[in-house]
**Q** 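Here it is, the structure, as structure tokens.
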Amino acid sequence: MTIKTVTTAPYTDQKPGTSGLRKKVPVFQQQNYAENFIQAIFDSLEGFEGETLVIGGDGRYYNREVIQLAIKMAAANGFGRVLVGRGGILSTPAASNVIRKNRAFGGIVLSASHNPGGPTEDFGIKYNIGNGGPAPEKITDAIFARTKTIDSYKIADVEDVNLDLEGTHEIAGMTVNVIDPVADYAELMEQLFDFEAISDLLAGGFRIVFDAMSAVTGPYAKEILENRLGAAKGSVLNFMPLPDFGGHHPDPNLVHARALYETMMADDAPDFGAASDGDGDRNLIIGRGIFVTPSDSLALLAANAHLAPGYAQGLAGIARSMPTSGAADRVAEKLGIGLYETPTGWKFFGNLLDAGLATICGEESAGTGSNHVREKDGLWAVLLWLNILAVRKESVLDIVKQHWASFGRNYYSRHDYEEVDSEAANGLMANLRDQLATLPGKRFGALTVETADDFAYNDPVDQSVSRNQGIRILFEGGSRVVFRLSGTGTSGATLRVYIERYEPDAARHDIDTQEALADLIAVADEIASIKARTGRQEPSVIT
Ligand code: G1P
Ligand code: ZN
């Protein structure tokens with residue numbers, strides 16, 4: 001018999017966060033660690049006998065090893081077929097598409113998103129359900145519960161599958177299809193966007209640069225932007241996925257994509273610059289001379305989506321995570337469609353998309369997407385932008401300025417305090433919670449607190465309630481400060497402070513962002529005692 005049952009013992013730390021289980025590689029390399037978690041996933045599911053499982057990852061260090069384990073364990077647990085990307089590669093949105101297109105039972109996506117990769121860096125395992133989206137809390141809670149009691153796992157005792165050979169393999173009675181990781185995704189993009197219009201734009205001398213950050217979007221961007229749309233060869237930078245992302249953080253923000261930012265601010269800058277993250281679900285959009293904040297990008301994409309064939313019928317609604325700025329709310333209001341405010345994490349959009357309540361979703365953390373898959377999608381955002389630019393024939397800068405002029409500008413910034421002592425961070429949040437009742441009506445200089453609460457979400461589709469999703473302090477006039485702790489960090493705690501100020505007056509739309517927010521930043525520290533409690537004089541990252 002080729003199926004082995006291996007005795008194991010629980011690990012205590014396998015609680016999946018908003019994006020699955022994230023740990024350092026050496027943690028995953030402990031005996032039975034990855035096996036336990038994968039078996040706990042399978043033990044928490046029902047009815048997958050003979051069904052299809054999709055497996056793929058962002059190519060980071062340890063990807064191939066865990067893919068082999070997952071394939072052998074899927075066979076031993078009774079799946080009928082595995083679809084795996086060639087080389088073990090599938091971007092997160094591409095994996096979501098493969099799951100949906102093939103009506104798979106679910107998928108295992110291996111990634112730690114924008115976190116660094118390498119022998120001592122980050123790795124992650126996430127389970128996606130049949131709609132192509134991240135597993136809801138009900139399932140991740142069941143997985144966590146199972147990791148605490150697990151005593152054995154099943155694995156097929158067979159040779160490794162050749163992941164580099166596209167085609168059909170058989171192992172232990174299960175079929176393994178090694179598929180082209182790019183083809184299905186590129187086809188989906190061709191259905192949504194006007195490739196002809198974008199090709200014409202590019203042929204007319206419109207210059208673009210896309211930084212794949214040595215991560216998973218390289219092969220996707222090369223194929224779509226250069227081969228299919230005709231962008232100049234060399235438009236896609238760092239297109240080879242590397243196990244350690246070339247030693248960089250594959251996080252498309254102003255800190256880690258600094259070189260792209262500088263290219264786009266130069267006199268001879270290309271017309272359009274963009275980047276994506278480790279697993280291809282985030283995006284950074286920079287026009288010549290202007291960085292578009294993710295919150296603004298969501299609002300702009302929603303306001304202009306009808307210009308792309310896939311959204312010509314208009315949008316059903318817009319969803320944004322709570323800390324994302326209110327810019328999209330004003331667009332929804334003008335379009336007369338629903339606006340849904342959800343907790344941080346893409347999984348909360350799934351129900352809204354499945355129920356047809358929302359068409360476009362976004363998070364301030366550079367995640368934007370739509371109902372075409374159930375993950376955020378970096379290249380999708382890039383292509384929608386290009387489609388809009390091809391139709392409007394105006395610069396990014398002009399489009400953004402016009403948007404602010406008609407809707408007002410939401411100045412926005414996020415201050416992160418990384419690797420803060422966990423106790424200090426929890427203390428800071430507890431202290432904020434204790435103050436909530438006393439804040440409304442309080443004045444801080446020219447700012448008066450209107451409301452203060454700990455955000456709770458009532459899912460309109462399944463009526464589930466998620467509490468303690470972040471402290472919101474709303475000031476009169478639409479300014480806001482939000483505090484929450486990251487759920488994706490792998491060491492210590494990360495405090496995120498989100499600061500936003502609404503400015504309706506177009507004459508005041510050219511102020512430097514940190515300057516425009518200075519009084520709110522000071523008030524945030526006054527209320528939360530950030531400096532005193534964390535011992536940090538300034539944030540580690542400002543975006
Ligand atoms: C971060 C982002 C969040 C995003 C998640 C996964 O989570 O803030 O918007 O959904 O990464 O990409 P956090 O670390 O804040 O919990
Ligand atoms: Zn990501």
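Order of appearance sets the numbers: ligands from 1, and atoms from 1 within every ligand.
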**Q** Would you mind listing each N/O atom of ligand 1 next to any protein N/O under 3.5 Å, plus the distance?
**A**
unit_1   : atom_1 : unit_2 : atom_2 : d
ligand 1 : 9 (O)  : Glu363 : OE1    : 3.3
ligand 1 : 9 (O)  : Glu363 : OE2    : 2.8
ligand 1 : 9 (O)  : Ser365 : OG     : 2.6
ligand 1 : 10 (O) : Glu363 : OE1    : 2.7
ligand 1 : 10 (O) : Glu363 : OE2    : 3.3
ligand 1 : 10 (O) : Lys376 : NZ     : 3.4
ligand 1 : 11 (O) : Arg282 : NH2    : 3.0
ligand 1 : 12 (O) : Arg282 : NH2    : 3.1
ligand 1 : 12 (O) : Lys376 : NZ     : 2.8
ligand 1 : 14 (O) : Ser486 : OG     : 2.6
ligand 1 : 14 (O) : Thr488 : OG1    : 2.5
ligand 1 : 14 (O) : Arg496 : NH2    : 2.6
ligand 1 : 15 (O) : Arg484 : NH1    : 2.6
ligand 1 : 15 (O) : Arg496 : NE     : 2.7
ligand 1 : 15 (O) : Arg496 : NH2    : 3.4
ligand 1 : 16 (O) : Arg484 : NH2    : 2.9
ligand 1 : 16 (O) : Gly487 : N      : 2.6

**Q** Could you tell me if Lys222 sits above the aromatic ring of Phe239, with its cationic atom closer than 6.0 Å to the ring centre and no more than 45 degrees from the axis?
**A** yes
**Q** What verdict does the salt bridge (Lys or Arg N to Asp or Glu O under 4.0 Å) test give for Lys138 and Asp462, after you've listed the backbone C-alpha separation in whole Å, the side-chain angles of each residue and the deciding distance to 0.1 Å?
**A** CA-CA 12 Å; Lys138 198 172 60 187; Asp462 66 14; over 6 Å; no
**Q** In terms of relative ring orientation, are Phe272 and Trp385 parallel, tilted or perpendicular, with 30° and 60° separating the classes?
**A** tilted
**Q** Are Arg467 and Asp454 within salt-bridge range, i.e. N to O under 4.0 Å?
**A** no
**Q** For the pair Trp380 and Phe193, name the ring-plane relationship: parallel under 30°, tilted 30 to 60°, perpendicular over 60°.
**A**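 Geometry flag for Phe193 against Trp380: tilted rings.
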**Q** Relative to the Zn ion (ligand 2), how many protein N, O or S atoms have a separation of less than 2.8 Å?
**A** 4
**Q** Regarding Arg472 and Glu341, does a basic nitrogen lie under 4.0 Å from an acidic carboxylate oxygen?
**A** yes
**Q** Under 4.0 Å between a side-chain nitrogen and a carboxylate oxygen: does that hold for Asp122 and Lys24?
**A** yes
**Q** Would you call Arg228 and Glu187 a salt bridge, using N to O less than 4.0 angstrom?
**A**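 No, Arg228 and Glu187 are not salt-bridged.
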**Q** Starting from the C-alpha separation in whole Å, work towards a yes-or-no answer on side-chain hydrogen bond (donor to acceptor under 3.5 Å, both in side chains) for Ser540 and Asp416.
**A** CA-CA 6 Å; Ser540 2; Asp416 292 336; over 6 Å; no
